[in-house]
Amino acid sequence: MSELAIRSRRAAFNRAIADGDAAAIGPMLARDCVMVTGTDSAVIAGRMGQVKVWRREFGHSGRMVYVRTSESVAISSAEPIAMEHGRWYGTQGGSEIPGASGTYAAKWREVAGEWVIEAEIFVTFS
């Protein structure tokens, strides 16, 4: 059930990116979450920091639309945490052709019955 819940949250995150809905992204992030970007390894810390970056990104015409595709989800038997690995790609301006792509890892934690992202790291390969 936990793996399905995480995959469902990932699908909702992808929808929020596609829709340009930064408000929908906030509840999927832990308060003190961390994201390490794929190309320049910039660190974006905290839920509000990430929501602010997404709002700015969504405001650009011809913006990149990112999709993360989970390849595996491992649930801890010791703690309410999980690790997700997958591939990501970004398309620009509604194009079907990826403009960038790579891999990612995400650490999730179950908090008050909801899975939230605590940390994500992205690597850009193309």
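Source: prediction; values computed, not measured.
- For the atom pair SG (Cys33) and CD1 (Ile117), the distance works out to 8.0 Å, reported to the nearest 0.5 Å.
- Proximity of a side-chain donor or acceptor of Trp108 to a complementary backbone N or O of Trp115 within less than 3.5 Å is not detected.
- Dense packing is recorded around CZ of Phe58, with more than 12 heavy atoms of other residues, nucleotides or ligands lying under 6.0 Å away.
- Here the side chain of Ser101 pairs no donor or acceptor atom with the backbone of Tyr89 at under 3.5 angstrom.
- Expressed to the nearest 0.5 Å, how far CD of Glu110 lies from OG of Ser2 amounts to 5.5 Å.
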Would Val73 and Met83 count as a side chain to side chain contact (heavy atoms under 4.5 Å, CB included) here? Give the steps. CA-CA 6 Å; Val73 176; Met83 190 66 166; over 6 Å; no
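- Linking ILVMFWY side-chain heavy atoms closer than 4.5 Å, directly or via other members, places Tyr66 and Val36 in two distinct hydrophobic clusters.
- For the pair Ala16 and Ile25, the tightest heavy-atom approach, listed with the atom from each and the gap, is CB-CG1, 3.7 Å.
- Shortest non-hydrogen contact noted between Trp54 and Ile17 is CH2-CD1, 3.6 Å.
- The salt bridge (Lys or Arg N to Asp or Glu O under 4.0 Å) contacts involving residues 116-126 comprise Arg10-Glu120, Arg68-Glu120, Lys107-Glu118, Arg109-Glu118, where partners must be two or more places apart or lie in separate chains.
- The structure places CG of Asp32 at 12.5 Å from CE of Met48, a figure rounded to the nearest 0.5 Å.
- In this structure, the side chain of Ser95 engages the main chain of Ile97 through a donor-acceptor pair within 3.5 Å.
- Of the residues Glu84, Glu71, His85, the one that meets the side-chain contact (heavy atoms from CB on, under 4.5 Å) test with Tyr104 is Glu84.
- Ser72 approaches Arg7 most closely through the heavy-atom pair CA-NH2, 3.9 Å.
- Within the 3.5 Å criterion, the main-chain N or O of Ala42 finds a donor-acceptor partner in the side chain of Thr37.
- In this structure, OG1 on Thr69 lies 6.5 Å from CG on Asn14, to the nearest 0.5 angstrom.
- Under the side-chain contact (heavy atoms from CB on, under 4.5 Å) criterion, Ala18 pairs with Val65, not counting sequence neighbours.
- Between atom CE of residue Met35 and atom CD1 of residue Ile44 there is a gap of 3.5 Å, rounded to the nearest 0.5 Å.
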Walk me through whether Leu29 and Val116 qualify under side chain to side chain contact (heavy atoms under 4.5 Å, CB included). CA-CA 5 Å; Leu29 300 172; Val116 294; 5.9 Å; no
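- Hydrophobic cluster membership differs between Met28 and Val34, with clusters built from Ile, Leu, Val, Met, Phe, Trp and Tyr side chains linked at under 4.5 angstrom.
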